[in-house]
Protein chains: 2
Amino acid sequence: MHAPQTRRERERLSRRNAILEAAQKEFADKGYAQAKLEDIAKRAEFGKGTLYNYFKGGKQGMLFASFDQLFDDSEALIHESFSNDIMGHKSFREVFYDYTLSCLTFYIDRKELFLILVKEAHLMCFGDDQKHAQYFRDRRDRLIDALSVPVRRAMDAGFLRTMDPLAVAHMILGNIEGIQIHAFLEGELQQKESESFAPEKAAHFLTTFLLDGLANKNHNHPNEVHLSDNAPHDSSHVQSYSDGI
Amino acid sequence: MHAPQTRRERERLSRRNAILEAAQKEFADKGYAQAKLEDIAKRAEFGKGTLYNYFKGGKQGMLFASFDQLFDDSEALIHESFSNDIMGHKSFREVFYDYTLSCLTFYIDRKELFLILVKEAHLMCFGDDQKHAQYFRDRRDRLIDALSVPVRRAMDAGFLRTMDPLAVAHMILGNIEGIQIHAFLEGELQQKESESFAPEKAAHFLTTFLLDGLANKNHNHPNEVHLSDNAPHDSSHVQSYSDGI
DNA sequence: TCGAAAAGTGACCAGTCAGTCACATTTATT
DNA sequence: AATAAATGTGACTGACTGGTCACTTTTCGA
């Protein structure tokens, strides 16, 4: 049984969170290497030495606390989105769309955490420190394992093609992240608030793209005509995710 | 008319290239921020101050020379892969597969350049220096513009769904890069030379995934059954790209 | 051969910054 | 109220590194 928190414990946790938030903003703004403890401390309204009271690992401790947070929440989102209850009441296409939308919204709400991950993950995965690389591998594997469960169920039910579920989960996650990165980049460079990113449209585009593919149905045959032939045109139109940008 | 190079010019160029190669290895190994001019100079077998003879921009000049190289070659690869001649003689699916395979092979051959891009691009795109961010945006746009031409042609011919060609080009490039990153990560972490990455399998997987999507053909209907229904199973099997890993 | 130009060198320097810790302040306990 | 424990501080320090430049070496042209 977990003992109730004392006021002191709650205050300590609150101060730790304030420092962590300040760190996340600085990491997201500047990148980890360029972010300075002086700035983080100032932003959190503490002295620089105090940061070590709350994060034994110092700067790096703050970074990995941030990654933990993002990965934990991403895993929870997968479990919630593909719960047995939901999967039993909605089509996989619907559940997939909802998950994609939730995921994009999740990233938008946690833009800073997401940007930290985007900026630092590859640096570390391909870096010299094997402990860090392994950390990302492990956390990534957990996400992919979680997503591969509903993917496998959809394959067993005949909805999805029979492919390696892990590979499919990997492609799904990668595409969601990719489109979110693109959206943030567009937002950064154009700075048009009136044309903000529409996660619904993006989720719709992704669902169609990932489930149905790019090829037109009339052309999914082994004996395909060349582009120079006068093939019949299918004018099926998919609304573009970039319409709202 | 370009004057023939003198021996001195050729030697100067050769030395510049040696320095650039050494820089690329260090950037790929360590990341740009952690790579040191001292190490680059030693690797190229020059004194540190000599580097500025060949790269006025110093460390950063080497980095951007590397990016230019990678982007130039990537653009050339798109133009070659989707030339009018090739497009007139092969199906789009075949051309697409060939391009995907060429691209993967290209990245494997230029692993260091690719890793530099992977490590640094997002840091810079989301960084404070607008000039750098703009550089990547411009180069990325050029790649996407180049690829959107054949994509648009395939749409006009009815092979691909009608979507925003730029968005589609973006997804194609993103997925190729994503799968290559994954392959390098797997290779880094497992270090099994006997199970090296098979670009052919990956290209095949990507072609199927991107053109045909994940959904089984029997399920591409508006009135989809739920997963709990006893839907007929289509046992179509797609060989996984991860089989060779 | 000599002087000028080109090329090369690495010690030096200024600037940077994460982590440390002696000291100070605040809070809790007796 | 006095003492102990908890919390906070920022000057200091050691390590680091890109860029500079006085000096050296090599190459080239007359």
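The figures here come from the full heavy-atom set of this structure, side chains too, leaving out hydrogens, waters and symmetry mates. Numbers restart at 1 for each chain; the letters A, B, ... are given by sequence-line order, proteins then strands.
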Polar atoms only, N or O, under 3.5 Å: list the protein pairs with nucleotides 14-21 of chain D and their distances.
from, atom 1, to, atom 2, distance (Å)
D/dT17, OP2, B/Lys36, NZ, 3.4
D/dG18, OP1, B/Ala35, O, 3.2
D/dG18, OP1, B/Lys59, NZ, 3.0
D/dG18, OP2, B/Leu37, N, 3.0
D/dG19, OP2, B/Tyr52, OH, 2.7
D/dG19, OP2, B/Lys59, N, 3.3
D/dG19, O5', B/Tyr52, OH, 3.2
D/dG19, N7, B/Lys48, NZ, 3.0
D/dG19, O6, B/Lys48, NZ, 2.4

Handout entry: NZ or CZ of A/Arg12 within 45° of A/Tyr54 ring axis and under 6.0 Å
Key = yes

Practice task
Mind checking side-chain contact (heavy atoms from CB on, under 4.5 Å) for B/Asp73 and listing every partner two or more places apart, or none if nothing turns up?
Solution key: B/Gln69, B/Phe106, B/Arg110

Below 3.5 Å between N/O atoms, which protein atoms pair up with nucleotides 23-30 of chain D? Just atom names and distances, please.
from, atom 1, to, atom 2, distance (Å)
D/dC28, OP1, B/Arg7, NH2, 2.3

Practice task
Check the distance between C/dC17's P and A/Phe27's CZ and give it to me in whole angstrom.
Solution key: 14 Å

Handout entry: Option among A/Gln34, A/Glu112, A/Met62, A/Glu120 that satisfies the side-chain contact (heavy atoms from CB on, under 4.5 Å) test with A/Phe27
Key = A/Met62

Practice task
If the plane angle is over 60° it's perpendicular, under 30° parallel, otherwise tilted; pick one for A/Phe64 and A/Tyr135.
Solution key: perpendicular

Handout entry: Whole-Å gap separating P (D/dA5) and CG (A/Asn53)
Key = 17 Å

Practice task
Using a 4.0 Å heavy-atom cut-off across all strands, classify B/Phe55 as base, sugar-phosphate, or nothing.
Solution key: nothing

Exercise for the section: Compute both the distance and the angle, then confirm whether B/Lys119 meets the cation-pi test with B/Tyr32: under 6.0 Å from the six-membered ring centre, within 45 degrees of the axis. Expected result: no

Exercise for the section: Measure the NZ-CG distance between B/Lys25 and B/Asp29 for me, rounded to the nearest 0.5 Å. Expected result: 8.5 Å

Practice task
Using the six-membered ring wherever Trp is involved, compare the ring planes of B/Phe209 and A/Phe209 and label them parallel, tilted or perpendicular (cut-offs 30° and 60°).
Solution key: perpendicular

Practice task
Please report, rounded to the nearest Å, how far the C1' atom of D/dG10 is from the NZ atom of A/Lys42.
Solution key: 11 Å

Problem - Separation of atom CZ in A/Arg12 from atom P in C/dT27, rounded to whole Å - result: 15 Å

Problem - B/Phe136 and B/Phe126, any side-chain heavy atoms less than 4.5 Å apart - result: no

Problem - N or O in side chain of A/Arg15 less than 4.0 angstrom from D/dG8 OP1/OP2 - result: yes

Fill in the blank from the handout: In whole angstroms, the gap separating P of D/dG10 from CD1 of A/Ile40 amounts to 16 Å

Exercise for the section: Compare every heavy atom of A/Ala22 with every heavy atom of A/Ile40, then report the nearest pair and how far apart it is. Expected result: O-CB, 3.7 Å

Exercise for the section: Tell me whether the OP1 or OP2 atom of C/dG8 has a side-chain N or O from B/Tyr54 closer than 4.0 Å. Expected result: yes

